[in-house]
Novice: 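Okay, handing you the structure first.
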Number of protein chains: 2
Amino acid sequence: MAGEDRKHQILAVAVRLFSERGFRGTTTKEIAQTAGVSEAMVFRHFATKQELYAAILDHKACTTGWKFEPAEMAADAISRRDDRAVFEELALAALQHHQDDPDFQRLLLHSALEKHELAQMFFDQFVLRVYDFLGSYIRERQREGAFVEMDPAIVVRAFIGMVMHHSLNNNLWDPTRRLLKISNEEAAQHFTNILLNGITAPMSNSEDRRVVEANGNASNQEFKE
Amino acid sequence: MAGEDRKHQILAVAVRLFSERGFRGTTTKEIAQTAGVSEAMVFRHFATKQELYAAILDHKACTTGWKFEPAEMAADAISRRDDRAVFEELALAALQHHQDDPDFQRLLLHSALEKHELAQMFFDQFVLRVYDFLGSYIRERQREGAFVEMDPAIVVRAFIGMVMHHSLNNNLWDPTRRLLKISNEEAAQHFTNILLNGITAPMSNSEDRRVVEANGNASNQEFKE
DNA sequence: GTCTATAAATAGATAGAC
DNA sequence: GTCTATCTATTTATAGAC
């Protein structure tokens, strides 16, 4: 097999094993065996185990990772002031990403627990910017009178919490979906609905208020009577 | 030092180290050194490293752990149908617990990632019951017309997501609180408020609606006009 | 109870033949 | 490129003296 191909193959194997067992929990021997080569081959392509780990992080950061610009996300919905679409699109993108690449979330968690640089990198280059980006939108909408006054960071924390925790359940705690079996689309809709409207029912004698049920771009017009 | 005391001391050290570096990431030598004894002492009290880990899990499960009955929580608020108090109390208890014992959450995460039995145990004996318990309450309130119709599991997922993710940020991702500095009480109030009312502002020409701002047991009366 | 010394296995990493 | 063989350090675990 050609050099680069083999290198990629070893990398792919390592991603899977590191995401499953963590850095210290994975041996170079295991990686070699799973890749069907000798240990010497691993060290031919990556001088040290640490270098292999770093290569994974780079790879993840550049490909599947957070290279997608938060500022570019949901740009259309944002300009339309379609709150429902904004949150739903962001949630769906995240849920889909975590579903398509479950290794990513595990790798990230391992990194955070092991206090590896990836965790810090991810936090600085992605999480901070998401809070900034989403927070700005929320602040604007508050000024426009669409959202109640409240530290935008709390709102971001709450929403991301719903989404991330759902992915964490799907990927880590409850992969067989014992607690909740639901499509990403539905999940994104429900979380958005809860964030925007809460779960308290409108009073029974004015049933026409807040009738939206997470469909389309009804946005926040539903309070008009 | 007496046998049991020493055993407890080693256990305590091991809890901290395992929670920081995980099972495979912690060596028996480190444990011994940190405890100020020789490695032989560790193996005198715990035949194998695995046995030490198991002892930790038992200890955590029985003491700090989830031995507090979910069914007993917020019993008073539940009987009063004080939704705000119900969710706020549960959130506060969880946040407080995670703050008082951050090792617990890390240990649990390591276990889940390493697919250790603790994770399964915790899920079966605690998570399932919380969903059951909170889900039942939500279902009742839906029948009473207080909450909108929606799979209760989704509501539980959303609320627990906000709370757990907040703790995860505090303990793991953002211990210096760069993103959000807030007391547990405030966090519990805000998350509860979002869950019950969402963040959409009432229309400006009827400002007297939904004026609650997370104070006391106003509950869900705020839609009356 | 506690230690030092050490065994046995496994880890990461290298040498050198093909 | 790929392998086998090997080196060195570390890790779990034990023996036996005090």
Side-chain angles (χ1 to χ4, degrees), chain A residues 1-60 106-107 110-111 113-118, chain B residues 1-60 106-107 110-111 113-118:
Chain A
M1 193 184 263
E4 281 305 293
D5 287 351
R6 176 108 293 166
K7 191 165 180 172
H8 274 53
Q9 184 218 1
I10 292 172
L11 204 66
V13 167
V15 166
R16 217 181 66 231
L17 293 183
F18 278 142
S19 81
E20 278 184 17
R21 315 193 222 274
F23 181 64
R24 298 193 229 219
T26 308
T27 67
T28 50
K29 181 185 252 173
E30 278 175 319
I31 295 173
Q33 281 176 343
T34 309
V37 294
S38 70
E39 238 183 307
M41 280 305 295
V42 174
F43 285 103
R44 178 176 176 79
H45 289 290
F46 305 94
T48 67
K49 190 185 172 186
Q50 182 65 36
E51 192 179 305
L52 176 56
Y53 194 46
I56 288 179
L57 304 190
D58 286 352
H59 180 254
K60 278 289 171 188
R106 294 183 65 97
L107 211 53
H110 268 123
S111 288
L113 285 167
E114 292 174 355
K115 299 187 206 299
H116 197 278
E117 56 171 342
L118 167 67
Chain B
M1 191 184 264
E4 281 305 294
D5 288 350
R6 178 109 291 167
K7 190 165 181 173
H8 274 53
Q9 184 218 2
I10 293 172
L11 204 65
V13 168
V15 165
R16 216 181 66 231
L17 294 183
F18 278 141
S19 81
E20 277 183 19
R21 313 193 224 272
F23 181 63
R24 299 191 227 219
T26 308
T27 67
T28 51
K29 181 185 250 172
E30 279 175 318
I31 296 172
Q33 279 175 344
T34 310
V37 294
S38 70
E39 244 182 304
M41 280 304 295
V42 174
F43 286 103
R44 177 177 176 78
H45 289 291
F46 305 94
T48 67
K49 191 185 173 187
Q50 182 65 37
E51 192 179 305
L52 176 56
Y53 194 44
I56 288 179
L57 305 190
D58 285 352
H59 180 254
K60 277 288 172 191
R106 294 183 64 98
L107 212 54
H110 267 122
S111 288
L113 285 168
E114 292 174 353
K115 297 188 209 299
H116 196 278
E117 56 170 341
L118 167 67

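Convention: sequence-line order gives letters A, B, ...; per-chain numbering from 1.
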Novice: Which pair of non-hydrogen atoms, one from A:Ile56 and one from A:Leu107, has the smallest distance, and what is that distance?
Specialist: CG2-CD2, 3.6 Å
Novice: In whole angstrom, give the distance that lies between atom NZ of A:Lys7 and atom P of D:dG1.
Specialist: 11 Å
Novice: Between A:Lys115 and B:Glu20, does any side-chain N to carboxylate O distance fall below 4.0 Å?
Specialist: no
Novice: Quickly work out the B:Glu4 CD to C:dT2 P distance and round it to whole Å.
Specialist: 12 Å
Novice: Ignoring hydrogens and angles, tell me if any N or O in the side chain of B:His59 forms a donor-acceptor pair with the backbone of B:Ala55 under 3.5 Å.
Specialist: no
Novice: Using a cutoff of under 3.5 Å, can you pull out all pairs of nitrogen or oxygen atoms linking the protein to nucleotides 10-15 of chain C, with atom names and distances?
Specialist:
residue, atom, partner, partner atom, Å
C:dG12, OP1, A:Lys49, NZ, 2.8
C:dG12, OP2, A:Thr28, N, 2.8
C:dG12, OP2, A:Thr28, OG1, 2.9
C:dA13, OP2, A:Lys49, N, 2.8

Novice: Between A:Thr26 and A:Tyr53, do the side chains contain an N or O donor and an N or O acceptor separated by less than 3.5 Å?
Specialist: no
Novice: Send over the distance from B:Met41 CE to D:dA15 C1', rounded to a whole Å.
Specialist: 16 Å
Novice: Quickly work out the B:Gln33 CD to D:dT12 P distance and round it to whole Å.
Specialist: 12 Å
Novice: I'd like to know if the side chain of B:Glu114 reaches the main chain of B:Ser111, judged simply by a donor and an acceptor atom lying under 3.5 Å from each other, with no hydrogens or angles considered.
Specialist: no
Novice: Tell me: CZ of B:Phe18 to C1' of D:dT12, nearest whole Å?
Specialist: 12 Å
Novice: B:Phe46 CZ to D:dT14 C1': how many Å, rounded?
Specialist: 18 Å
Novice: Sub-3.5 Å donor-acceptor pair from the side chain of A:Gln33 to the main-chain atoms of A:Glu30, do we have one?
Specialist: no
Novice: Which part of the nucleic acid does B:Arg6 contact within heavy-atom distance under 4.0 Å: base, sugar-phosphate only, or nothing?
Specialist: sugar-phosphate
